[in-house]
S.K.: 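My structure is below; once you've seen it, I'll send some questions.
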Amino acid sequence: MSAYKSELLQVLSSRGYIHQVSEPDALDALAKSSSLTAYIGFDCTAPSLHVGSLLPIMMLRWLQKTGHRPISLMGGGTTRVGDPSGKDESRQLLTDAMIEQNLNSIRAVFAKFLGFGEGTTDAVMANNADWLNQINYIDFLRDVGRHFSINRMLAFDSVKLRLEREQELSFLEFNYMILQAYDFVELYKRYGCVLQMGGSDQWGNIVNGIDLGRRLAQAQLFALTSPLITTTSGAKMGKTAAGAVWLDAKMVSPYEYWQYWRNTEDGDVARFLKLFTELSLEEIGRLAKLKGQELNEAKKVLATEATALLHGRAAAEQAAVTARATFEEGVTAETLPTIEIQGPALERGLGVLAALHGARLVGSNSEARRLIQNGGLKVNDQTLDDERRILTVADLRNGVIKLSLGKKRHVLLRPV
RNA sequence: GGAGGGGUGCCCGAGUGGUUAAAGGGGACGGACUGUAAAUCCGUUGGCUUAGCCUACGUUGGUUCGAAUCCAACCCCCUCCA
(Lines give C-alpha, C1' and ligand atoms only; values in the text may rest on other atoms or scores of the structure.)
Protein backbone atom coordinates (compact mmCIF):
# COMPACT_ATOMS: atom_id res chain seq x y z
CA MET A 1 0.00 0.00 0.00
CA SER A 2 1.47 3.27 -1.04
CA ALA A 3 0.96 6.04 1.47
CA TYR A 4 -1.96 8.07 0.28
CA LYS A 5 -2.24 11.66 1.42
CA SER A 6 -5.95 12.19 0.96
CA GLU A 7 -8.31 10.99 3.62
CA LEU A 8 -10.53 9.35 1.01
CA LEU A 9 -7.87 7.06 -0.38
CA GLN A 10 -6.39 6.42 3.02
CA VAL A 11 -9.68 5.17 4.31
CA LEU A 12 -10.59 3.15 1.26
CA SER A 13 -7.23 1.52 1.02
CA SER A 14 -6.77 0.75 4.71
CA ARG A 15 -10.21 -0.83 4.93
CA GLY A 16 -9.68 -3.03 1.92
CA TYR A 17 -11.91 -1.45 -0.67
CA ILE A 18 -9.29 -0.89 -3.32
CA HIS A 19 -8.27 -3.32 -5.99
CA GLN A 20 -6.99 -1.03 -8.72
CA VAL A 21 -6.72 2.73 -9.19
CA SER A 22 -5.87 4.58 -12.33
CA GLU A 23 -3.22 7.25 -11.84
CA PRO A 24 -3.30 6.97 -8.05
CA ASP A 25 -1.01 9.91 -7.40
CA ALA A 26 -3.01 12.37 -9.45
CA LEU A 27 -6.27 11.18 -7.93
CA ASP A 28 -4.81 11.34 -4.46
CA ALA A 29 -3.67 14.91 -4.98
CA LEU A 30 -7.04 15.90 -6.37
CA ALA A 31 -8.91 14.26 -3.50
CA LYS A 32 -6.71 16.07 -1.03
CA SER A 33 -7.05 19.50 -2.56
CA SER A 34 -10.68 19.48 -3.57
CA SER A 35 -14.06 17.89 -3.18
CA LEU A 36 -14.59 15.24 -5.81
CA THR A 37 -17.73 13.93 -7.37
CA ALA A 38 -17.72 10.20 -7.98
CA TYR A 39 -20.25 7.63 -9.08
CA ILE A 40 -21.08 3.95 -9.06
CA GLY A 41 -23.63 2.33 -11.34
CA PHE A 42 -26.33 -0.01 -10.09
CA ASP A 43 -28.73 -2.03 -12.10
CA CYS A 44 -32.36 -2.16 -11.18
CA THR A 45 -33.61 -5.47 -12.48
CA ALA A 46 -34.63 -6.61 -8.98
CA PRO A 47 -37.10 -4.92 -6.64
CA SER A 48 -34.38 -4.39 -4.07
CA LEU A 49 -30.64 -4.36 -3.74
CA HIS A 50 -29.06 -7.21 -1.85
CA VAL A 51 -25.95 -7.73 0.20
CA GLY A 52 -23.85 -7.96 -2.93
CA SER A 53 -24.43 -4.26 -3.55
CA LEU A 54 -23.41 -3.30 -0.07
CA LEU A 55 -19.74 -2.91 -0.83
CA PRO A 56 -20.21 -0.19 -3.47
CA ILE A 57 -22.79 1.49 -1.25
CA MET A 58 -20.25 1.62 1.56
CA MET A 59 -17.71 3.14 -0.79
CA LEU A 60 -20.13 5.91 -1.62
CA ARG A 61 -20.77 6.39 2.07
CA TRP A 62 -17.09 6.78 2.86
CA LEU A 63 -16.76 9.08 -0.08
CA GLN A 64 -19.36 11.37 1.41
CA LYS A 65 -17.93 11.09 4.90
CA THR A 66 -14.54 12.21 3.68
CA GLY A 67 -15.96 15.34 2.12
CA HIS A 68 -16.84 14.35 -1.42
CA ARG A 69 -20.02 14.02 -3.41
CA PRO A 70 -21.39 10.57 -4.28
CA ILE A 71 -23.66 9.81 -7.20
CA SER A 72 -25.54 6.58 -7.42
CA LEU A 73 -26.38 5.96 -11.01
CA MET A 74 -29.40 3.80 -11.63
CA GLY A 75 -29.33 1.85 -14.84
CA GLY A 76 -32.85 2.74 -15.84
CA GLY A 77 -31.80 2.98 -19.44
CA THR A 78 -29.50 -0.01 -19.59
CA THR A 79 -31.98 -2.16 -17.72
CA ARG A 80 -34.43 -1.63 -20.54
CA VAL A 81 -32.06 -3.46 -22.79
CA GLY A 82 -31.87 -6.42 -20.45
CA ASP A 83 -28.84 -8.36 -19.45
CA PRO A 84 -27.84 -10.44 -22.44
CA SER A 85 -25.90 -13.00 -20.45
CA GLY A 86 -27.71 -16.01 -19.06
CA LYS A 87 -29.32 -16.81 -22.34
CA ASP A 88 -30.74 -20.17 -21.31
CA GLU A 89 -33.82 -18.74 -19.73
CA SER A 90 -36.03 -16.62 -21.91
CA ARG A 91 -35.94 -13.65 -19.63
CA GLN A 92 -38.68 -11.17 -20.10
CA LEU A 93 -37.73 -7.59 -20.46
CA LEU A 94 -38.90 -5.43 -17.64
CA THR A 95 -41.60 -2.95 -18.35
CA ASP A 96 -40.94 0.70 -17.72
CA ALA A 97 -43.44 0.64 -14.88
CA MET A 98 -41.62 -2.18 -13.15
CA ILE A 99 -38.31 -0.45 -13.56
CA GLU A 100 -39.79 2.68 -12.05
CA GLN A 101 -41.12 0.70 -9.12
CA ASN A 102 -37.77 -0.96 -8.54
CA LEU A 103 -36.04 2.39 -8.70
CA ASN A 104 -38.24 3.79 -6.00
CA SER A 105 -37.64 1.03 -3.50
CA ILE A 106 -33.93 1.03 -4.22
CA ARG A 107 -33.85 4.75 -3.64
CA ALA A 108 -35.14 4.14 -0.12
CA VAL A 109 -32.14 1.94 0.62
CA PHE A 110 -29.70 4.57 -0.54
CA ALA A 111 -31.33 7.14 1.67
CA LYS A 112 -30.21 5.11 4.67
CA PHE A 113 -26.56 5.21 3.73
CA LEU A 114 -26.20 8.56 2.07
CA GLY A 115 -27.36 12.08 2.74
CA PHE A 116 -29.26 13.44 -0.24
CA GLY A 117 -29.89 17.09 -0.85
CA GLU A 118 -28.65 20.15 -2.63
CA GLY A 119 -25.41 20.83 -0.75
CA THR A 120 -21.99 20.41 -2.27
CA THR A 121 -21.37 17.00 -0.76
CA ASP A 122 -24.96 15.84 -0.74
CA ALA A 123 -25.56 12.67 -2.67
CA VAL A 124 -27.20 12.64 -6.06
CA MET A 125 -29.32 9.92 -7.54
CA ALA A 126 -29.08 9.87 -11.31
CA ASN A 127 -30.75 7.66 -13.85
CA ASN A 128 -29.12 6.97 -17.16
CA ALA A 129 -32.54 6.63 -18.77
CA ASP A 130 -32.57 10.42 -18.64
CA TRP A 131 -30.01 10.61 -21.42
CA LEU A 132 -29.85 7.13 -22.95
CA ASN A 133 -33.50 7.11 -23.89
CA GLN A 134 -33.05 10.25 -25.98
CA ILE A 135 -30.21 8.97 -28.04
CA ASN A 136 -30.50 9.10 -31.77
CA TYR A 137 -28.58 6.24 -33.29
CA ILE A 138 -26.93 8.11 -36.13
CA ASP A 139 -25.96 11.06 -33.96
CA PHE A 140 -24.60 8.74 -31.35
CA LEU A 141 -22.49 6.87 -33.88
CA ARG A 142 -21.08 10.10 -35.24
CA ASP A 143 -20.41 11.78 -31.91
CA VAL A 144 -19.44 8.88 -29.72
CA GLY A 145 -18.98 5.81 -31.89
CA ARG A 146 -16.13 7.32 -33.89
CA HIS A 147 -14.01 7.54 -30.75
CA PHE A 148 -14.12 3.83 -30.17
CA SER A 149 -11.60 1.67 -31.89
CA ILE A 150 -12.77 -1.85 -32.52
CA ASN A 151 -9.17 -2.96 -32.50
CA ARG A 152 -8.84 -1.69 -28.96
CA MET A 153 -12.16 -3.00 -27.77
CA LEU A 154 -11.22 -6.44 -29.00
CA ALA A 155 -8.21 -6.32 -26.75
CA PHE A 156 -10.24 -5.90 -23.59
CA ASP A 157 -10.32 -8.94 -21.38
CA SER A 158 -14.08 -9.12 -21.26
CA VAL A 159 -14.20 -9.33 -25.03
CA LYS A 160 -10.99 -11.23 -25.61
CA LEU A 161 -11.89 -14.05 -23.27
CA ARG A 162 -15.22 -14.55 -24.92
CA LEU A 163 -13.69 -14.64 -28.34
CA GLU A 164 -10.92 -16.98 -27.30
CA ARG A 165 -13.39 -19.40 -25.83
CA GLU A 166 -15.43 -19.00 -28.98
CA GLN A 167 -18.39 -17.97 -26.91
CA GLU A 168 -21.00 -15.84 -28.49
CA LEU A 169 -20.75 -12.14 -27.87
CA SER A 170 -23.75 -10.21 -29.07
CA PHE A 171 -23.56 -6.78 -30.60
CA LEU A 172 -25.72 -5.65 -27.73
CA GLU A 173 -23.14 -6.69 -25.16
CA PHE A 174 -20.39 -5.27 -27.26
CA ASN A 175 -22.17 -1.94 -27.10
CA TYR A 176 -22.72 -2.12 -23.39
CA MET A 177 -19.28 -0.77 -22.65
CA ILE A 178 -19.86 2.11 -25.01
CA LEU A 179 -23.05 3.06 -23.21
CA GLN A 180 -21.31 2.83 -19.87
CA ALA A 181 -18.45 4.96 -21.12
CA TYR A 182 -20.97 7.48 -22.32
CA ASP A 183 -22.61 7.53 -18.89
CA PHE A 184 -19.33 8.52 -17.33
CA VAL A 185 -18.85 11.43 -19.71
CA GLU A 186 -22.45 12.51 -19.31
CA LEU A 187 -22.05 12.59 -15.54
CA TYR A 188 -18.86 14.56 -15.95
CA LYS A 189 -20.70 17.14 -18.00
CA ARG A 190 -23.71 17.33 -15.73
CA TYR A 191 -22.08 17.08 -12.32
CA GLY A 192 -18.38 17.38 -12.86
CA CYS A 193 -18.02 13.74 -11.90
CA VAL A 194 -14.41 12.67 -12.34
CA LEU A 195 -14.25 9.28 -10.68
CA GLN A 196 -16.06 6.05 -11.37
CA MET A 197 -15.88 3.22 -8.91
CA GLY A 198 -17.09 -0.34 -9.25
CA GLY A 199 -16.21 -3.99 -8.92
CA SER A 200 -12.98 -5.26 -10.40
CA ASP A 201 -14.91 -6.72 -13.31
CA GLN A 202 -15.83 -3.19 -14.32
CA TRP A 203 -12.28 -2.05 -14.91
CA GLY A 204 -12.43 -2.32 -18.67
CA ASN A 205 -15.71 -0.48 -18.91
CA ILE A 206 -14.49 2.29 -16.66
CA VAL A 207 -11.27 2.74 -18.53
CA ASN A 208 -13.27 3.11 -21.71
CA GLY A 209 -15.16 5.91 -20.06
CA ILE A 210 -11.90 7.61 -19.16
CA ASP A 211 -10.72 7.44 -22.75
CA LEU A 212 -13.98 8.77 -24.06
CA GLY A 213 -13.89 11.60 -21.57
CA ARG A 214 -10.47 12.64 -22.76
CA ARG A 215 -11.50 12.62 -26.39
CA LEU A 216 -14.92 14.13 -26.02
CA ALA A 217 -14.39 16.63 -23.23
CA GLN A 218 -10.63 16.82 -22.69
CA ALA A 219 -11.33 15.67 -19.17
CA GLN A 220 -9.03 13.85 -16.79
CA LEU A 221 -11.17 11.07 -15.32
CA PHE A 222 -10.26 8.32 -12.88
CA ALA A 223 -11.12 4.72 -12.14
CA LEU A 224 -11.14 2.91 -8.82
CA THR A 225 -12.23 -0.70 -8.48
CA SER A 226 -12.89 -2.86 -5.48
CA PRO A 227 -11.97 -6.53 -5.10
CA LEU A 228 -14.58 -9.13 -5.79
CA ILE A 229 -15.83 -10.26 -2.41
CA THR A 230 -16.36 -13.94 -1.85
CA THR A 231 -16.47 -15.82 1.40
CA THR A 232 -13.45 -17.78 2.53
CA SER A 233 -15.03 -20.93 1.16
CA GLY A 234 -15.35 -19.28 -2.21
CA ALA A 235 -19.07 -18.65 -2.35
CA LYS A 236 -20.52 -15.41 -3.59
CA MET A 237 -21.94 -13.22 -0.92
CA GLY A 238 -25.55 -12.76 -0.24
CA LYS A 239 -27.19 -16.09 -0.83
CA THR A 240 -28.74 -18.16 1.91
CA ALA A 241 -31.34 -20.84 2.32
CA ALA A 242 -34.12 -18.35 2.01
CA GLY A 243 -32.62 -16.82 -1.11
CA ALA A 244 -30.88 -13.52 -1.57
CA VAL A 245 -30.26 -11.32 1.43
CA TRP A 246 -32.20 -8.26 0.40
CA LEU A 247 -31.69 -4.88 1.93
CA ASP A 248 -35.39 -4.11 2.03
CA ALA A 249 -36.82 -4.82 5.50
CA LYS A 250 -40.04 -6.04 3.96
CA MET A 251 -38.16 -8.80 2.19
CA VAL A 252 -35.56 -9.67 4.83
CA SER A 253 -36.36 -8.63 8.37
CA PRO A 254 -33.73 -6.90 10.52
CA TYR A 255 -33.54 -10.06 12.64
CA GLU A 256 -32.81 -12.23 9.61
CA TYR A 257 -30.32 -9.67 8.39
CA TRP A 258 -28.57 -9.74 11.74
CA GLN A 259 -28.48 -13.53 11.56
CA TYR A 260 -26.89 -13.40 8.14
CA TRP A 261 -23.93 -11.49 9.53
CA ARG A 262 -23.82 -13.48 12.75
CA ASN A 263 -23.22 -16.61 10.66
CA THR A 264 -20.17 -15.19 8.92
CA GLU A 265 -17.35 -17.66 8.51
CA ASP A 266 -14.40 -17.25 10.87
CA GLY A 267 -11.99 -16.30 8.14
CA ASP A 268 -14.15 -13.45 6.93
CA VAL A 269 -14.83 -11.65 10.18
CA ALA A 270 -11.99 -9.16 10.17
CA ARG A 271 -12.35 -8.36 6.50
CA PHE A 272 -16.10 -7.88 6.80
CA LEU A 273 -15.76 -5.67 9.85
CA LYS A 274 -13.57 -3.34 7.83
CA LEU A 275 -15.80 -3.35 4.81
CA PHE A 276 -19.27 -3.41 6.27
CA THR A 277 -19.04 -1.52 9.54
CA GLU A 278 -17.64 1.84 10.53
CA LEU A 279 -15.77 0.70 13.60
CA SER A 280 -12.29 2.11 13.91
CA LEU A 281 -9.44 0.00 12.63
CA GLU A 282 -8.01 -0.21 16.16
CA GLU A 283 -11.27 -1.65 17.43
CA ILE A 284 -11.41 -4.09 14.56
CA GLY A 285 -7.82 -5.08 15.17
CA ARG A 286 -8.73 -5.92 18.73
CA LEU A 287 -11.73 -8.00 17.68
CA ALA A 288 -9.75 -9.79 15.02
CA LYS A 289 -7.35 -11.12 17.63
CA LEU A 290 -10.09 -13.20 19.22
CA LYS A 291 -9.68 -16.90 18.61
CA GLY A 292 -11.94 -19.91 18.55
CA GLN A 293 -15.16 -19.59 20.42
CA GLU A 294 -14.36 -16.03 21.46
CA LEU A 295 -14.53 -15.00 17.85
CA ASN A 296 -18.27 -15.29 18.20
CA GLU A 297 -18.18 -12.00 20.09
CA ALA A 298 -16.66 -10.36 17.06
CA LYS A 299 -19.38 -11.85 14.89
CA LYS A 300 -22.04 -10.36 17.13
CA VAL A 301 -20.41 -6.97 16.88
CA LEU A 302 -20.27 -7.35 13.12
CA ALA A 303 -23.92 -8.33 12.99
CA THR A 304 -25.09 -5.50 15.17
CA GLU A 305 -22.99 -2.83 13.48
CA ALA A 306 -23.90 -3.92 9.99
CA THR A 307 -27.58 -4.14 10.86
CA ALA A 308 -27.49 -0.75 12.54
CA LEU A 309 -26.21 0.87 9.36
CA LEU A 310 -29.13 -0.45 7.35
CA HIS A 311 -32.03 -0.76 9.77
CA GLY A 312 -31.03 1.59 12.55
CA ARG A 313 -29.41 1.07 15.92
CA ALA A 314 -32.62 0.18 17.71
CA ALA A 315 -33.59 -2.59 15.34
CA ALA A 316 -30.08 -3.96 15.46
CA GLU A 317 -29.98 -4.03 19.25
CA GLN A 318 -33.31 -5.73 19.34
CA ALA A 319 -32.15 -8.37 16.89
CA ALA A 320 -29.13 -8.97 19.10
CA VAL A 321 -31.34 -9.36 22.17
CA THR A 322 -33.69 -11.71 20.35
CA ALA A 323 -30.78 -13.80 19.19
CA ARG A 324 -29.25 -14.01 22.66
CA ALA A 325 -32.52 -15.15 24.18
CA THR A 326 -33.11 -17.68 21.43
CA PHE A 327 -29.67 -19.19 21.12
CA GLU A 328 -27.95 -18.65 24.43
CA GLU A 329 -30.75 -18.76 26.93
CA GLY A 330 -33.06 -21.09 25.09
CA VAL A 331 -35.96 -18.81 25.80
CA THR A 332 -38.65 -18.03 23.31
CA ALA A 333 -38.14 -14.39 22.49
CA GLU A 334 -41.31 -12.58 21.63
CA THR A 335 -39.49 -10.56 19.05
CA LEU A 336 -38.79 -13.49 16.74
CA PRO A 337 -40.44 -13.17 13.35
CA THR A 338 -44.14 -13.63 13.94
CA ILE A 339 -46.93 -14.85 11.73
CA GLU A 340 -50.50 -14.08 12.72
CA ILE A 341 -53.07 -16.81 12.37
CA GLN A 342 -56.81 -16.82 12.76
CA GLY A 343 -57.84 -17.66 16.31
CA PRO A 344 -60.86 -19.76 15.32
CA ALA A 345 -58.68 -21.89 13.06
CA LEU A 346 -56.57 -22.83 16.04
CA GLU A 347 -59.60 -23.69 18.13
CA ARG A 348 -60.74 -26.05 15.43
CA GLY A 349 -57.27 -27.57 15.22
CA LEU A 350 -54.62 -26.61 12.69
CA GLY A 351 -52.56 -29.26 10.90
CA VAL A 352 -48.84 -28.76 11.39
CA LEU A 353 -48.15 -29.07 7.69
CA ALA A 354 -50.51 -26.24 6.93
CA ALA A 355 -49.07 -24.20 9.78
CA LEU A 356 -45.50 -24.67 8.61
CA HIS A 357 -46.45 -23.82 5.09
CA GLY A 358 -48.39 -20.78 6.25
CA ALA A 359 -45.38 -19.62 8.24
CA ARG A 360 -43.33 -19.90 5.04
CA LEU A 361 -40.80 -22.12 6.77
CA VAL A 362 -41.35 -24.71 4.06
CA GLY A 363 -42.29 -24.41 0.45
CA SER A 364 -44.51 -27.47 0.27
CA ASN A 365 -46.06 -30.11 2.44
CA SER A 366 -43.73 -32.68 0.97
CA GLU A 367 -40.77 -30.63 2.05
CA ALA A 368 -42.19 -30.51 5.55
CA ARG A 369 -42.67 -34.27 5.56
CA ARG A 370 -39.09 -34.81 4.54
CA LEU A 371 -37.84 -32.50 7.22
CA ILE A 372 -39.92 -34.33 9.79
CA GLN A 373 -38.33 -37.60 8.73
CA ASN A 374 -34.94 -36.01 9.19
CA GLY A 375 -35.87 -34.63 12.57
CA GLY A 376 -35.46 -31.07 11.37
CA LEU A 377 -38.68 -29.53 12.59
CA LYS A 378 -39.71 -28.57 16.07
CA VAL A 379 -42.89 -27.33 17.70
CA ASN A 380 -42.25 -25.45 20.92
CA ASP A 381 -38.71 -26.86 20.89
CA GLN A 382 -39.96 -30.44 20.78
CA THR A 383 -38.92 -32.45 17.76
CA LEU A 384 -41.90 -33.07 15.55
CA ASP A 385 -42.30 -36.72 14.64
CA ASP A 386 -45.88 -36.87 13.45
CA GLU A 387 -46.84 -35.12 10.26
CA ARG A 388 -50.50 -35.42 11.22
CA ARG A 389 -49.96 -33.50 14.40
CA ILE A 390 -52.75 -31.00 15.00
CA LEU A 391 -51.95 -27.70 16.67
CA THR A 392 -54.55 -26.50 19.13
CA VAL A 393 -55.01 -23.85 21.75
CA ALA A 394 -53.28 -26.24 24.16
CA ASP A 395 -50.04 -25.72 22.27
CA LEU A 396 -49.92 -22.03 23.05
CA ARG A 397 -47.04 -20.97 25.28
CA ASN A 398 -47.38 -17.40 26.45
CA GLY A 399 -49.85 -16.85 23.68
CA VAL A 400 -47.70 -18.14 20.82
CA ILE A 401 -46.62 -21.38 19.20
CA LYS A 402 -42.97 -21.59 18.24
CA LEU A 403 -42.11 -23.42 15.05
CA SER A 404 -38.47 -24.16 14.27
CA LEU A 405 -36.70 -25.39 11.19
CA GLY A 406 -33.26 -26.65 12.00
CA LYS A 407 -31.45 -24.88 14.75
CA LYS A 408 -31.55 -21.42 13.36
CA ARG A 409 -34.83 -20.56 11.82
CA HIS A 410 -37.72 -19.83 14.12
CA VAL A 411 -41.18 -18.41 13.58
CA LEU A 412 -43.87 -17.65 16.11
CA LEU A 413 -47.53 -18.24 15.40
CA ARG A 414 -49.75 -15.77 17.15
CA PRO A 415 -53.52 -16.16 17.05
CA VAL A 416 -55.51 -13.00 16.55
C1' G B 1 -31.02 -20.62 -47.82
C1' G B 2 -27.86 -25.53 -47.28
C1' A B 3 -25.33 -29.35 -43.99
C1' G B 4 -24.57 -31.19 -39.19
C1' G B 5 -25.15 -31.24 -33.69
C1' G B 6 -28.30 -30.32 -29.60
C1' G B 7 -32.67 -28.98 -26.08
C1' U B 8 -33.36 -33.99 -19.49
C1' G B 9 -34.92 -32.23 -12.62
C1' C B 10 -32.10 -25.72 -9.00
C1' C B 11 -27.31 -26.23 -12.22
C1' C B 12 -24.00 -29.59 -14.90
C1' G B 13 -24.75 -34.21 -16.99
C1' A B 14 -25.93 -39.86 -18.02
C1' G B 15 -29.74 -42.37 -20.14
C1' U B 16 -32.00 -44.72 -27.19
C1' G B 17 -38.97 -48.94 -25.95
C1' G B 18 -40.65 -51.71 -19.90
C1' U B 19 -39.90 -51.00 -11.46
C1' U B 20 -36.98 -44.38 -14.65
C1' A B 21 -39.59 -39.57 -10.22
C1' A B 22 -35.13 -40.65 -14.12
C1' A B 23 -27.42 -42.72 -12.82
C1' G B 24 -23.41 -39.46 -11.31
C1' G B 25 -21.61 -34.73 -9.74
C1' G B 26 -22.39 -29.73 -7.93
C1' G B 27 -25.39 -26.72 -5.08
C1' A B 28 -29.04 -26.52 -1.31
C1' C B 29 -31.47 -28.19 3.07
C1' G B 30 -31.82 -31.50 7.65
C1' G B 31 -29.06 -34.54 11.28
C1' A B 32 -24.38 -35.88 14.07
C1' C B 33 -19.89 -33.37 15.83
C1' U B 34 -19.01 -28.06 17.24
C1' G B 35 -18.64 -22.23 18.66
C1' U B 36 -25.53 -20.10 15.57
C1' A B 37 -18.13 -21.03 12.21
C1' A B 38 -15.16 -24.24 8.99
C1' A B 39 -13.92 -29.23 7.89
C1' U B 40 -15.83 -34.21 8.19
C1' C B 41 -19.59 -38.03 8.28
C1' C B 42 -24.91 -39.55 7.56
C1' G B 43 -29.58 -38.39 5.32
C1' U B 44 -32.87 -35.66 2.01
C1' U B 45 -33.51 -33.06 -2.60
C1' G B 46 -41.24 -32.76 -8.13
C1' G B 47 -46.32 -32.18 -5.95
C1' C B 48 -50.72 -34.02 -3.27
C1' U B 49 -55.96 -35.41 0.66
C1' U B 50 -48.84 -40.29 0.70
C1' A B 51 -49.79 -48.46 1.68
C1' G B 52 -52.20 -44.61 -3.23
C1' C B 53 -52.57 -40.74 -6.85
C1' C B 54 -50.97 -36.71 -10.07
C1' U B 55 -47.36 -33.99 -12.87
C1' A B 56 -42.52 -34.22 -15.33
C1' C B 57 -37.23 -35.20 -19.96
C1' G B 58 -38.31 -27.98 -25.77
C1' U B 59 -43.90 -27.81 -27.98
C1' U B 60 -47.91 -30.44 -30.36
C1' G B 61 -49.62 -34.73 -32.40
C1' G B 62 -48.71 -40.03 -33.72
C1' U B 63 -46.90 -45.44 -33.30
C1' U B 64 -47.21 -49.00 -29.05
C1' C B 65 -50.02 -53.06 -24.02
C1' G B 66 -46.06 -49.54 -22.59
C1' A B 67 -42.06 -43.66 -24.78
C1' A B 68 -37.27 -39.22 -21.93
C1' U B 69 -36.19 -43.14 -25.42
C1' C B 70 -39.37 -44.64 -32.10
C1' C B 71 -42.10 -41.31 -36.07
C1' A B 72 -44.00 -36.33 -37.89
C1' A B 73 -44.48 -31.20 -37.66
C1' C B 74 -43.13 -26.91 -35.17
C1' C B 75 -40.11 -23.69 -31.72
C1' C B 76 -35.33 -22.51 -29.79
C1' C B 77 -29.81 -22.96 -29.31
C1' C B 78 -24.85 -24.16 -31.33
C1' U B 79 -21.15 -25.26 -35.43
C1' C B 80 -19.80 -25.12 -40.52
C1' C B 81 -21.05 -23.48 -45.61
C1' A B 82 -23.60 -19.65 -48.83
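Because only heavy atoms are used, hydrogens play no part in the values below, and waters and symmetry mates are left out as well, while side chains stay in. Labels below follow one simple rule: chain letters A, B, ... track the order of the sequence lines, proteins then strands, and each chain is numbered from 1.
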S.K.: Would you say the side chain of A:Leu103 lies within less than 4.5 Å of the side chain of A:Asn127, judging by non-hydrogen atoms?
M.R.: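 Yes, their side chains come closer than 4.5 Å.
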S.K.: Ignoring hydrogens and angles, does a donor from either the side chain of A:Glu387 or the base of B:U50 sit under 3.5 Å from an acceptor on the other?
M.R.: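 For A:Glu387, whose side chain was compared with the base of B:U50, there is no donor-acceptor pair (under 3.5 Å).
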S.K.: Do any side-chain nitrogens or oxygens of A:Lys407 fall under 4.0 Å of OP1 or OP2 in B:G35?
M.R.: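 Checking A:Lys407 against B:G35: no side-chain N or O falls below 4.0 Å of OP1 or OP2.
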S.K.: In Watson-Crick or G-U wobble terms, both distances under 3.5 Å, what is the partner of B:U44?
M.R.: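 Base-paired to B:A28.
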S.K.: Do the side chain of A:Asn365 and the base of B:G47 come within less than 3.5 angstrom through a donor-acceptor pair of N or O atoms?
M.R.: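 No, the side chain and the base share no sub-3.5 Å donor-acceptor pair.
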S.K.: Please give, in whole Å, the distance from B:A38 P to A:Lys291 NZ?
M.R.: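 Whole-Å distance recorded here is 18 Å.
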S.K.: Can you confirm if the aromatic rings of A:Trp261 and A:Phe276 lie within a centre distance of less than 6.0 Å?
M.R.: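 Ring-ring flag for A:Phe276/A:Trp261: true, centres closer than 6.0 Å.
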S.K.: Between A:Arg369 and A:Arg324, just flag the one whose closest nucleotide in RNA chain B comes earlier from the 5' side.
M.R.: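 Closer to the 5' end of RNA chain B: A:Arg324.
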S.K.: Strictly under 6.0 Å, is that where the ring centroids of A:Tyr182 and A:Phe140 end up?
M.R.: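 Distance test on ring centres: under 6.0 Å, yes.
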S.K.: By nearest nucleotide on RNA chain B, pick out whichever of A:Arg370 and A:Phe327 is the more 5' one.
M.R.: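 This one resolves to A:Phe327.
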S.K.: Output yes when at least one side-chain N/O atom of A:Ser366 is less than 4.0 Å from OP1 or OP2 of B:G46, else no.
M.R.: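 Indeed not, no polar side-chain atom of A:Ser366 lies that close.
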S.K.: Using Watson-Crick or G-U wobble geometry with both distances below 3.5 Å, tell me the partner of B:G17, or none.
M.R.: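 WC or wobble partner does not exist here.
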S.K.: Are A:Lys408 and B:G35 close enough that a side-chain N or O sits under 4.0 Å from OP1 or OP2?
M.R.: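 It does not, given that no N or O in the side chain of A:Lys408 lies less than 4.0 Å from OP1 or OP2 of B:G35.
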